[in-house]
Each structure stands twice: as C-alpha cells, then as structure tokens.
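Order of the sequence lines fixes the chain letters, A, B, ..., with proteins taken first and strands second; residue numbering starts at 1 for each chain. Model, not experiment: these values are computed from the prediction.
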Protein chains: 2
Amino acid sequence: MNIGTAAQKANLPTKTIRYYEDIGLIKPQRDVNGYRVFRDQDVHKLNFVGRARALGFSIEDCRNLLALWEDKGRASADVRAIAKAHLAQIDAKIADLSGMRDTLGDLVRDCAGDARPDCPILSKLGTLG
Amino acid sequence: MNIGTAAQKANLPTKTIRYYEDIGLIKPQRDVNGYRVFRDQDVHKLNFVGRARALGFSIEDCRNLLALWEDKGRASADVRAIAKAHLAQIDAKIADLSGMRDTLGDLVRDCAGDARPDCPILSKLGTLG
DNA sequence: ATGAGGGTTCCACTCACTGGAAGGTCAAGA
DNA sequence: TCTTGACCTTCCAGTGAGTGGAACCCTCAT
C-alpha cells in the first residue's frame, strides 16, 4: 500500500510518516516509480509509535521498543531488562494519570456548584501521587 | 522562594520554568533585585504541568486545566464540560497504556525464551485497543 | 574584596514535527 | 490522446517545547 493508505490505517499524517522514515524508525520498500510501499508490519509499527508518542514516550523509547520486537537474535535477559524498565515506566504513567483523574473528578464534584466558592483543590494540585 | 528551589520542588529544570513564564503559564512575582519569587501555588502549578506534559498533554491542555482551577468566576457548566473532556482524554490514555502494558508483558512471557523463535507479538503490535 | 553559587537576559540550537512550493505519477473521463 | 485531479516525490522553511551557553548581576561566607 502507498503512504496515504498507511497514514489512514495508522492514524498519522503522511508528513509524520516520511519523517519517521527519515530518522530510520521505519524502512518502507520503494516501488519502481519511487513511491513508498508499506506492508502491514510497517503499519503496525507506525500505529504503535503513534500511540506511544501520544502517551509521552520519546522517539528513542519507541526505537528501543520496536527493536525489542525486531531483533530476534537479542539475548533474552536483555529483552527482559528493557521490557521491565518500560513496564515500570508505563505503570508510573498509569498511576499518575489515575491521580489526575481523581483530582479532576473531585473538581467536578466539589467545585462546580452554581456559585463556585474558593476552590479547595488548587491547594492539592501537584501534590497527588 | 527563588527559581532554583522551585525547580527542585517541582522537579523541572529552571530553563523550563523560565520558558513557562515566557509563554504565560505561570506568573511568579519579582523581588526588588529582579529575581523571580515563587509561592507554593506556583510550585503546585509547575508540578502539575510537568506531570501532565510527561503524559502527553499539550501546553494548551495544561493552560486550560490550570484555568479551570484559577478562574473562579467561570460558569459551572463550562467547568464541567472542559473537565469531562479531559477526563475522557485521561481515560483513553489509561486504556491505551494498559494495552501496551499487556503487550509488553506478553512479550516478556512468550518471547524471551533462551532461543527466541519468531516472535508472534509483532503481528499484534499496533492493533491492541 | 574575592570567589562560589545563585540569579538575570538573550540568542542560538535541538527535537519532533508541520506547511508549502515545485514537480512527477496514475487512473478516469471528455 | 489529452487533461484533470488525486496522489506521490523532495526540499526547505517554520513551529512548539524546550535546552545550552555566553555575558553579566546579586549575595553571602571567608
């Protein structure tokens, strides 16, 4: 498939996909006419990278994660170590988001009365774990 | 407190804090000597912004969220609407992270044997919800 | 009074895109 | 066959969110 189709499937702008090729995150084939040709694998990778980026993972994080799946010769201890580090990172993000969720929920419940008084939540802002 | 102390408490580089002042996210007071003076409220905001940024929220998202807490005159329906949109965004992020967590866990369990065969997970990559 | 360790501004750089210009490719219809 | 429009290409410039460094000011202990 061409870049437009891949972009739709991966939910990313074509510009971004070309950029990801530029920096070596993906390596689509080329057709005789010079067009990029994407396989399903490429789309899977793009999809994954797009979502990971939206969750605050860096390009280098993504590169490592993709390499985990790609590098079949890698020692399993190595895989485990990298994967575990990322698992911890993910768990921390989830915990952090849950905290924000609670705070926002509190805001809606406690502070959105018709005549909203001084909001008691600002004082908690930034201190939740 | 001065910017260094605030930076430590908020876990952000001083450079970033100056930048956040530049774009109007925070408005620390100024001492007679020209030094920025941070109150606890400022630190709370910085802390919140730092964590939200790490979770993939844009500066504009942060600006809106901070405004929610700050603008005491805002109509409560408005507050509710914005807060609810952000709650949905947070829930989506949590769901997405959970999916990644599972995939990564699978990778560790299924694909990290000593002689790792063709990993069956790459094919699932990017398709999890 | 001097030196270390803060602080200040400003300017240039990076990273991760994003927009636009200028032009090549291709399928469909007059 | 020609054209039109949607798609693709590269290249270059701009943006958003910082980040590094130079040059200089403030404060406090020795």
Original post:
Under 4.0 Å between a side-chain N or O of A/Tyr35 and OP1 or OP2 of C/dG24?
Top reply: no
**OP:** Could you check how far CD1 of B/Ile59 sits from P of C/dC15, rounded to whole Å?
**Re:** 19 Å
Original post:
If only side-chain N and O atoms of A/Asn33 are considered, is one of them under 4.0 Å from the OP1 or OP2 phosphate oxygen of C/dG24?
Top reply: no
**OP:** Report yes if at least one side-chain N or O of B/Tyr20 is closer than 4.0 Å to OP1 or OP2 of D/dA17; otherwise report no.
**Re:** no
Subject >> Derivation of the side-chain contact (heavy atoms from CB on, under 4.5 Å) call for B/Arg53 and B/Asp61 >> reply: CA-CA 9 Å; B/Arg53 294 287 302 126; B/Asp61 284 337; over 6 Å; no
Original post:
How many angstroms lie between atom CZ of B/Phe57 and atom CD of B/Gln89, to the nearest 0.5 angstrom?
Top reply: 5.0 Å
Original post:
Does one hydrophobic cluster hold both A/Val37 and A/Leu12, with members joined at side-chain heavy-atom distances below 4.5 Å?
Top reply: no
**OP:** Starting from P on D/dT9, measure out to CD1 on A/Ile17 and report it in whole angstrom.
**Re:** 10 Å
Subject >> First encountered from the 5' end of DNA chain D, between B/Val32 and B/Ser58 >> reply: B/Ser58
Original post:
Is any side-chain N or O of A/Arg36 closer than 4.0 Å to OP1 or OP2 of D/dT10?
Top reply: yes
Original post:
Rounded to whole angstrom units, what separation is found between the CD atom of B/Glu21 and the C1' atom of C/dT8?
Top reply: 11 Å
Subject >> Point-to-point distance, once rounded to the nearest 0.5 Å, from CZ of B/Arg101 to CD1 of A/Ile94 >> reply: 6.0 Å
Subject >> Whole-Å distance separating the CZ atom of A/Arg30 from the P atom of C/dT25 >> reply: 14 Å
Original post:
Think B/Lys15 forms a cation-pi with B/Tyr20, using NZ or CZ under 6.0 Å from the six-ring centre and within 45 degrees of its axis?
Top reply: no
Original post:
Are any of B/Arg18's side-chain N or O atoms less than 4.0 Å away from OP1 or OP2 of D/dA17?
Top reply: no
Original post:
What's the verdict on salt bridge (charged side-chain N to carboxylate O under 4.0 Å, His left out) for A/Glu21 and A/Arg18, showing C-alpha distance, side-chain angles and the deciding distance?
Top reply: CA-CA 5 Å; A/Glu21 188 193 19; A/Arg18 291 197 192 96; over 6 Å; no
**OP:** Could you check whether A/Ile23 gets within reach of a base, just the sugar-phosphate, or nothing at all, counting any heavy atom under 4.0 Å?
**Re:** nothing
Subject >> Inter-end axis angle, the helix from C/dA1-D/dT30 to C/dA30-D/dT1, with every axis fitted to five base pairs (rounded, 10 degrees) >> reply: 10°
Subject >> Interatomic distance, A/Arg39 atom CZ to A/Gln29 atom CD [nearest 0.5 angstrom] >> reply: 4.5 Å
Original post:
NZ of A/Lys15 versus C1' of D/dC8: gap in Å, rounded?
Top reply: 12 Å
Original post:
At under 4.0 Å, does any side-chain N or O of A/Arg53 touch on OP1 or OP2 of C/dC17?
Top reply: yes
Original post:
Over how many whole Å does the gap from A/Asp22 atom CG to C/dA16 atom C1' extend?
Top reply: 12 Å
Original post:
Nearest-Å distance, CG (B/Asp31) to C1' (D/dT27)?
Top reply: 12 Å
Original post:
A/Arg63 has an atom CZ; how far is it from atom P of C/dC15, in whole Å?
Top reply: 11 Å
**OP:** Report yes if at least one side-chain N or O of B/Thr16 is closer than 4.0 Å to OP1 or OP2 of D/dT19; otherwise report no.
**Re:** yes
